[in-house]
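Dumping the structure here so I can ask a few things about it.
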Amino acid sequence: MNDEIAIAVVQKIMVSIFGNYKTSSLEEILNRYAFDIKLPEQVIDSTTGETTWAASTNPMKYITEMNMEQKDRKEGWMQKGEIANFDDIIKLWEQINYRTTERVYNSMDVAKSDTIYGCEKVYRSLDSRNSKNLIFCDGVGDSEYVLASERSVNCRFCIRIADSANCTNSYAVACSNTVSNSFFIEDCSNVHECIFCAHVSNKQYCIGNVQLEKEQYEMIKKKLIEWMLEN
């Protein structure tokens, strides 16, 4: 996964949700959609000086998963020496205490990410499992084509989904279940084609928790999408 492929994934998500897409850089996409998502940060492998990506920036020293395994094969991590006092323990700890970065398991085509399990095509994301085409995500599982989302499962073609499940073609959904073709949804379940709705269930063609006719709803939604893409 490189920057060009990541932008292509974003484009596919945007077209699915909004029907349109205006070219943006990954930095613009990050600042607009993922500004508050916990993401891997850039750090330096203390053994090689190369750039790597870590879930935490608190440790003092880092080593990539690949370099850690390489060292293990060549010389191992066991140390020799006697322990006579506490200072000896500290010295031994300093020799081996590297935080492993870019931990990617049973996955392929993953870049700038950490703690990724069973995924494919992932860009700068954290703690995600069994998913494909994730960009700027944290804690996403069993999902596909998801951007700037966190702690959510079983989502498809979504942007800014948080603490939710079973969402498709939706934007800005929080604490909800079974949401489709909707924007700005909070604490809802089983809603389809709704905008700016909260704390309701089994609704369609609602805006601000007000029931509308399909034609009026679609007219307002079209204008909202135009405004969102412009601004």
Keeping the roles fixed (side chain from Ser128, backbone from Asp138), state whether a donor-acceptor pair exists under 3.5 Å. no
Specify the closest pair of heavy atoms between Tyr98 and Ser46, including all atoms of both residues, with the distance to one decimal. CE2-CB, 3.7 Å
Within 6.0 angstrom of Lys91 NZ, more than 12 heavy atoms from elsewhere: no
If we check side chain to side chain contact (heavy atoms under 4.5 Å, CB included) with Arg73, which of these qualifies: Glu75, Lys71, Gln70? Gln70
Are Ile5 and Ile135 co-members of a hydrophobic cluster defined by side-chain heavy atoms under 4.5 Å apart? yes
Does the side chain of Glu41 come within less than 4.5 Å of Thr101's, by heavy atoms? no
Would you name the heavy atoms of Leu147 and Ile29 that are closest together and state the gap between them? CD1-CG2, 4.0 Å
What residues join Tyr62 in its hydrophobic cluster, counting side-chain heavy atom gaps under 4.5 Å, either direct or through other members? Val43
Where the side chain of Asn97 meets the backbone of Lys61, is there a donor-acceptor pair that is under 3.5 Å apart? no
Is any side-chain heavy atom of Tyr21 closer than 4.5 Å to a side-chain heavy atom of Ile13? no
Ser164 side chain to Asn177 backbone, donor-acceptor under 3.5 Å: no
Considering only heavy atoms from C-beta outward, does the side chain of Val122 approach that of Val104 to under 4.5 Å? no
Give a yes or no on whether the backbone of Glu193 and the side-chain of Ser182 come within a donor-acceptor separation of less than 3.5 Å. yes
If only atom types and distance count, is the side chain of Asn31 paired as donor or acceptor with the main-chain N or O of Glu27 below 3.5 Å? yes
Holding to side-chain hydrogen bond (donor to acceptor under 3.5 Å, both in side chains), I want the full list of residues that pass it with Lys121, two or more places apart in sequence or in another chain. none
Tell me whether Lys222 at atom NZ has more than 12 heavy atoms from other residues, nucleotides or ligands lying less than 6.0 Å away. no
Without hydrogens or angle criteria, can the side chains of Thr168 and Ser180 be said to hold a donor-acceptor pair below 3.5 Å? no
Could you point out which residue of Ile207, Val173, Leu224 forms a side chain to side chain contact (heavy atoms under 4.5 Å, CB included) with Phe183? Leu224
Of the options Arg99, Arg124, Arg103, which is the one that meets Asp114 in a salt bridge (Lys or Arg N to Asp or Glu O under 4.0 Å)? Arg103
Derivation of the side chain to side chain donor-acceptor pair (under 3.5 Å) call for Ser16 and Asn169: CA-CA 6 Å; Ser16 178; Asn169 289 311; 2.3 Å; yes
Please answer whether the main-chain N or O of Trp77 pairs with a side-chain N or O of Gln79 as donor and acceptor at a distance below 3.5 Å. yes
At what distance, to the nearest 0.5 angstrom, does OG of Ser189 lie from CG of Asn202? 6.0 Å
Nearest non-hydrogen partners of Cys206 and Gln211, listed with the distance: SG-OE1, 3.3 Å
Would you say that more than 12 heavy atoms from the other residues, nucleotides or ligands in this model lie under 6.0 Å from the CZ of Phe35, or not? yes
Restricting to non-hydrogen atoms, name the atom on Asn181 and the atom on Ser170 that form the minimum distance, rounded to 0.1 Å. N-OG, 3.3 Å
Validation row: Val9, Tyr123 side chains within 4.5 angstrom (heavy atoms): no
Close side-chain approach of Glu213 and Tyr205, heavy atoms under 4.5 Å: no
For Glu28 and Arg32: C-alpha separation, side-chain torsions, deciding distance, then whether side chain to side chain contact (heavy atoms under 4.5 Å, CB included) applies. CA-CA 6 Å; Glu28 290 171 333; Arg32 181 167 186 175; over 6 Å; no
On a heavy-atom basis, which atom in Ser113 and which in Pro40 lie closest, and how many Å separate them? CA-CG, 3.9 Å
Around Asn106, counting heavy atoms of other residues, nucleotides and ligands shown, do more than 12 lie under 6.0 Å from its CG? no
Could you check Thr64, Asn67, Thr52, Thr115 and say which one makes a side-chain hydrogen bond (donor to acceptor under 3.5 Å, both in side chains) with Glu102? Thr52
More than 12 heavy atoms from other groups under 6.0 Å of CD on Glu50: yes
Would you say the side chain of Leu30 lies within less than 4.5 Å of the side chain of Leu39, judging by non-hydrogen atoms? yes
Hey, what's the ring geometry for Phe157 with Tyr145, parallel, tilted or perpendicular (30° and 60° as the breaks)? parallel
Do Ser152 side-chain atoms and Ala165 backbone N/O form a donor-acceptor pair below 3.5 Å? no
Counting neighbours of CE on Met108 that are heavy atoms of other residues, nucleotides or ligands and sit closer than 6.0 Å, is the number greater than 12? no
For Thr178, the side-chain hydrogen bond (donor to acceptor under 3.5 Å, both in side chains) test, sequence neighbours excluded, returns none
Taking the side chain as every heavy atom from C-beta outward, state whether Arg156 and Asn154 have any atom pair closer than 4.5 Å. yes
If you draw a 6.0 Å radius around CH2 in Trp227, do more than 12 non-hydrogen atoms from other residues or ligands fall strictly inside? no
Please name the pair of heavy atoms, one in Ile159 and one in Ser149, separated by the smallest distance, quoted to 0.1 Å. C-OG, 4.0 Å
Can you find a heavy atom in the side chain of Ile195 that is under 4.5 Å from one in the side chain of Ile220? no
How many angstroms lie between atom CD1 of Ile37 and atom CZ of Arg151, to the nearest 0.5 angstrom? 7.5 Å
